[in-house]
Amino acid sequence: HYAAAQKQAEPAVLQPTPQPKDDFQEELVVRPLHSGDIYASFQFRTLWETDFMRGNKVSHYRLFPKSLGQVISKFSVRELHISFTQGYWRTMQWGQPYLPSPPGAELWVWFQDSVTDVDATWKELTNVLSGIFCASLNFIDSTNTVQPSASFKPLGIGNVTDHRFLRYATLPREIVCTENLTPWKKLLPCGSKAGLAVLLKSEKLFHSSFHSQAVHIRPVCQDWQCKTTSWELRQTLNVVFDLHNSGQGKREWSLFKMFSRTLTEACPLASSSKIYIDITDNPEQFELSPATSLLSQAMVLGDRRTFSVYDLTQQDTFGSVRSLNLLIRWKSTEGDMLRPLLHAERYVAGYGLQTGEIHTLMYNHHPYRSFPVLLLDSVPWYLRLYIHTLTVTSKGKDNKPSYIHYQPSKDRVRPHLLEMLVQLPPNSVTEVTVQFERALLKWTEYTPDPNHGFYVGSSVISSLVPSTVAMDTNSTRERPLFSSFFPCKEESSYFVRVYTEPLLVNLPTPDFSMPYNVICLTCTVVAVGYGSLYNLLTRSFQIEEPSPGLAKRIANVIRKMRGVPPL
Amino acid sequence: MFLSERRRGQLAALSIAAVVIIVGVPLWWRTTETYRAWLPVSQIKELAKLQLQLSADVEVVFARGTVTPEQQKKVPLTQTQEEERAIDGDLIILFLILLIRNTKLESKFFSCHVLFLPEDTALRYSTQADLYLLAFQDVNVYIGQRRTALLRIGPQMRVGKTLEQLLAHLEPRIKQVLQVMSFSHNDITAALSDRVRFSPDNKESIADSMRAFKSSPGYEITFSLLNPDPKSHRLHWDIEGAVQTYIQPLLTKLSPVANFSIDSQTLYYTMLGVNPRFDTSRSAYTLNADSLAHVINPVEARLGSNAASSNPVLNFLLYVPDAQHSPLYIQGRKKQEVPSNAFHSPRWGGIMVYNVNGFYGSEPEFPVDINIDMAKVMGVFLAQLRLLLGVQSSTPPPGFLVARCGSTGLADWELDRLMWSRSVENVATATTTITSLAQLLDQIGNIVINDNIAQQVSSAVTSLQLAVAELEAGNLGFALQYSKEAILASEKAFFDPSLLHLLYFPDDQKFAIYIPLFLPMCVPILLSLLKIVSEARQRRREKQAKKD
């Protein structure tokens with residue numbers, strides 16, 4: 001009895017504080033763009049040392065959102081990437097984004113290899129996600145889902161690369177707005193009450209040229225030995241504020257001007273909370289206030305960048321006014337941007353409503369290196385691709401892709417999937433063209449506004465691009481000479497994914513009152529034919545004496561008067 | 001020649017009319033007919049009356065010395081008691097109570113042990129499982145944890161009474177025991193709350209019957225720790241251990257009734273919907289009972305719905321008030337303090353306020369690390385969980401002593417009671433669903449009834465009949481199982497999307513399609529038929545005139 005009583009009393013009093021097995025970090029990167037616009041990228045990362053797949057036992061959540069955890073364990077998801085984007089990222093003006101995403105909604109999921117019916121799970125998963133994010137993801141069905149064979153490899157650990165367990169779908173028509181942002185913010189441990197998320201006010205965020213929010217879930221290693229896995233939830237939000245629209249044309253930005261809020265504290269649950277300002281071009285171009293002594297260098301997208309760092313967990317960051325309002329002021333408008341090495345665009349050519357041609361242009365701006373890219377195209381079934389007309393040309397010459405994976409469409413069942421590996425010669429444009437025929441839809445298959453056109457999702461170009469650092473011969477001055485003869489592997493190339501514009505294609509659109517017109521017309525024709533036939537059959541015919549002519553009648557009247565018998 | 005030509009026209013018109021009527025109309029009818037599979041309408045109508053027979057077997061054991069051996073022999077083996085209850089007109093419930101008075105018989109459900117005791121002694125009485133203690137004079141009936149009750153009869157019944165008198169004396173008591181241990185009128189009314197219209201005078205019982213969750217094949221239980229002030233409080237709760245210790249035994253016991261899944265979450269910066277008032281007399285913040293209704297809504301927005309299933313969610317929130325608004329107490333309607341500092345919301349869950357200002361110490365250094373005393377919290381949540389699941393212990397009649405429930409938190413007979421009321425509720429719900437589906441299909445002729453739906457309906461009907469039969473036989477487990485199947489099948493049939501396909505095909509559209517074809521075709525036929533008839537009539541009249 002005594003021992004039992006001891007045991008009873010112990011937990012309340014003597015129990016040591018359990019070490020939290022989850023961790024939350026928040027980060028904001030601000031990059032002033034050469035066009036005068038400003039790019040702000042938020043990242044919130046929740047790490048959780050747990051295993052969802054161990055008999056679905058995980059059910060006690062602290063920092064990790066419960067709704068997503070339940071999704072992972074119920075649908076045996078290994079990796080989930082979902083993004084909602086409003087606007088198109090202008091690579092040539094803005095450079096590469098930290099996290100690329102196509103306009104509209106994009107969802108790609110790797111399932112565990114224990115899933116038997118992947119398609120059914122995928123369907124159910126999209127429905128649940130559409131509920132969680134208040135988006136029309138329920139419109140994802142077999143007609144817009146593909147299984148890319150090479151373009152989307154798992155980003156987390158795990159060595160299952162059988163693309164049977166991968167599903168990829170885009171909804172280019174999806175419009176992203178406040179109702180998608182609110183549930184996204186709800187997934188953050190601090191909500192929008194504290195920390196960097198305070199800045200996420202929807203009226204400012206959606207008053208911008210580009211807005212993209214995403215959720216990435218993947219398993220990662222817990223430590224360098226990688227014996228156990230953690231789950232990483234990364235919530236990202238990228239926004240580009242326009243110089244003319246929201247900056248009133250002045251080259252001056254502050255947190256308050258961008259978000260109509262200033263920062264007063266870090267999220268108390270975050271282990272790290274930092275703001276990075278990309279000052280690589282400082283001080284020639286702009287000045288920053290308040291100034292910070294903390295600097296950090298990082299290789300970002302193959303380029304060595306320098307950042308000013310503001311650590312929000314330190315009280316002195318906020319100064320005496322207890323609020324941080326970062327100010328960036330441009331001094332001059334000069335300076336040119338490093339051209340992005342890889343860039344792509346796409347358009348539809350042709351006239352009329354029967355056939356057309358899709359052109360995809362891929363630019364390699366590297367002066368002397370060629371590199372391979374993976375092009376993924378998913379085209380809806382109602383554009384019937386003539387795959388024999390597929391041509392790939394660069395510099396006027398035929399460029400034969402070294403790998404082609406083509407899955408033809410099935411009407412109303414699945415889309416075309418075209419994946420190929422193309423070598424882009426240095427400093428060149430590679431053009432991929434393919435002709436298509438527009439199919440006729442059934443009249444119930446048209447969208448409510450068919451004359452607007454039908455969207456075709458962005459092409460995805462994934463590539464390992466040679467780093468600009470490797471291109472830079474002057475980099476030797478920063479490093480010891482002995483370390484810089486052979487290009488280092490990590491820095492020699494970096495992964496880039498580029499999305500092209502979505503296409504808007506007009507399909508032949510009928511007059512939608514047509515069925516009734518057809519019914520009425522057919523019925524009238526039938527009725528007329530039937531009527532005359534009926535008449536012919538039922539009318540009784542008789543021989544009628546032809547009536548005498550007028551002259552004869554007059555003559556008869558006269559003859560009657562004279563008393564002579566008529567003619 | 002003239003006549004035959006006319007005759008030929010008439011014949012042609014008649015034959016066209018005949019072709020249209022004999023071939024055209026059936027063809028049109030057949031091709032535009034909606035497919036309607038056969039439904040067991042008569043059986044559904046039979047079920048709609050909902051005549052339930054609930055039976056409970058009771059074994060009565062006379063302890064040694066209560067009756068003389070001669071009397072013991074005379075005790076009838078079985079005796080059946082029927083009680084008829086009508087609830088709201090057409091529903092007739094028959095309580096069938098079977099009294100089995102034989103110690104040899106293996107009892108199915110309840111056993112009443114009748115003892116003779118001098119009025120003023122305490123008694124220890126033990127069977128193989130239970131230890132009963134009748135210590136107090138005013139305790140006449142003791143209800144144990146299992147399915148056993150102890151009845152005490154006074155000495156006046158002992159001395160010189162015939163067996164008949166004894167039995168007559170016992171009968172109302174046994175009925176009372178049964179009402180506590182199996183089902184009372186209120187339980188049945190609560191289970192049938194969907195079908196029964198309440199009379200406005202018994203508001204209290206409405207509140208009682210509305211508290212518990214509706215019957216469902218599964219429930220999700222979510223414990224949420226609300227920390228509105230993570231800057232001041234760093235809260236730690238050992239929810240995993242607490243669930244294992246306190247909640248899991250109850251749920252394991254309840255597993256025949258439904259599947260349960262438990263999860264927990266911690267939510268930060270969640271505020272209550274109302275601002276608590278500062279009470280200077282107690283130097284504490286108070287929440288009034290009237291304002292509790294507004295507490296839940298803003299919190300619920302953060303709780304998040306369950307993504308993985310569609311079962312109802314029971315929410316249990318532990319709210320730790322922020323440092324500025326602490327301590328916080330809930331005030332009852334009569335301004336009295338609520339000792340548990342918790343309240344529950346019917347069919348939603350419970351909220352408990354957990355004050356932590358006692359942990360601050362003399363010079364608090366924020367954030368303060370706080371370990372939450374889970375035994376205290378889980379005691380409250382367990383009580384709320386019992387209420388919300390419908391394991392309510394109605395106050396026993398005077399003279400009754402109910403044993404305290406043990407480690408599982410649920411006595412066997414309480415589980416039986418729950419299974420009874422759940423079975424009755426399921427049967428009632430499934431019957432309502434099936435009946436209204438049948439009515440709907442009967443009223444709207446446009447609806448296509450697939451074979452699939454017909455099959456669901458008939459399997460629901462079969463399950464219902466089986467459930468009713470099992471209830472009658474007193475097999476609770478099977479009755480509950482069948483009633484669950486009936487609910488599943490009936491819901492599946494009722495919400496089948498194929499029922500909606502042609503539902504919104506209005507008649508005017510149909511006419512708009514048919515008229516351009518039918519009007520030009522039928523008018524000549526009708527006109528020529530009329531003409532033939534009128535000619536025939538004229539001819540007959542002429543013939544008659546000729547005869548005259």
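The sequence lines fix the lettering, A, B, ..., with proteins before strands; numbering per chain opens at 1.
- The two atoms that bring B/R302 and A/P189 nearest to each other are NH2-O, 4.1 Å, heavy atoms only.
- Among the candidates A/A527, A/C190, A/C267, the residue making the largest number of heavy-atom pairs closer than 4.5 Å to chain B is A/C190.
- For a residue to count as touching a neighbouring chain, one of its non-hydrogen atoms must lie under 4.5 Å from one of that chain's; by this rule B/T270 does not touch chain A.
- Counting non-hydrogen atoms of neighbouring residues, nucleotides and ligands closer than 6.0 angstrom, the NZ atom of A/K123 exceeds 12 such neighbours.
- Scanning all heavy atoms of the two residues, the minimum distance from A/Y534 to B/A13 falls at OH-CB, 3.7 Å.
- Taking chain A as the reference chain and counting heavy-atom pairs below 4.5 Å, the highest number among B/I515, B/L303, B/I525, B/I262 is found for B/I525.
- Across B/P520 and A/Y530, no two heavy atoms sit closer than the pair O-CE2, 3.9 Å.
- Only the side chain of A/E265 has a heavy atom closer than 4.5 Å to any heavy atom of chain B.
- Going from atom CZ of B/F518 over to atom SG of A/C523 covers 9.0 Å, rounded to the nearest 0.5 Å.
- Looking at A/K193, its side chain never comes within 3.5 Å of a backbone N or O of B/Y268 through a donor-acceptor pair.
- Heavy atoms of A/L63 lying under 4.5 Å from chain B belong exclusively to its side chain.
- Residue B/V523 does not touch chain A at all, counting heavy-atom pairs closer than 4.5 Å.
- For chain B, no part of A/L125 is nearby; none of its heavy atoms comes within less than 4.5 Å.
- Other residues, nucleotides and ligands contribute more than 12 heavy atoms inside 6.0 Å of the NZ atom of A/K186.
- Across every non-hydrogen atom of B/D263 and A/Q70, the tightest pair is OD2-NE2, 2.7 Å.
- Only the side chain of A/L269 comes within less than 4.5 Å of a heavy atom in chain B; its backbone stays farther off.
- Per-residue heavy-atom pair counts under 4.5 Å with chain A were compared for B/S264, B/S224, B/G9, and the maximum is reached by B/S264.
- Tested against B/T266 for a side chain to side chain contact (heavy atoms under 4.5 Å, CB included), the candidates A/K66, A/H60, A/R62 yield a single pass: A/R62.
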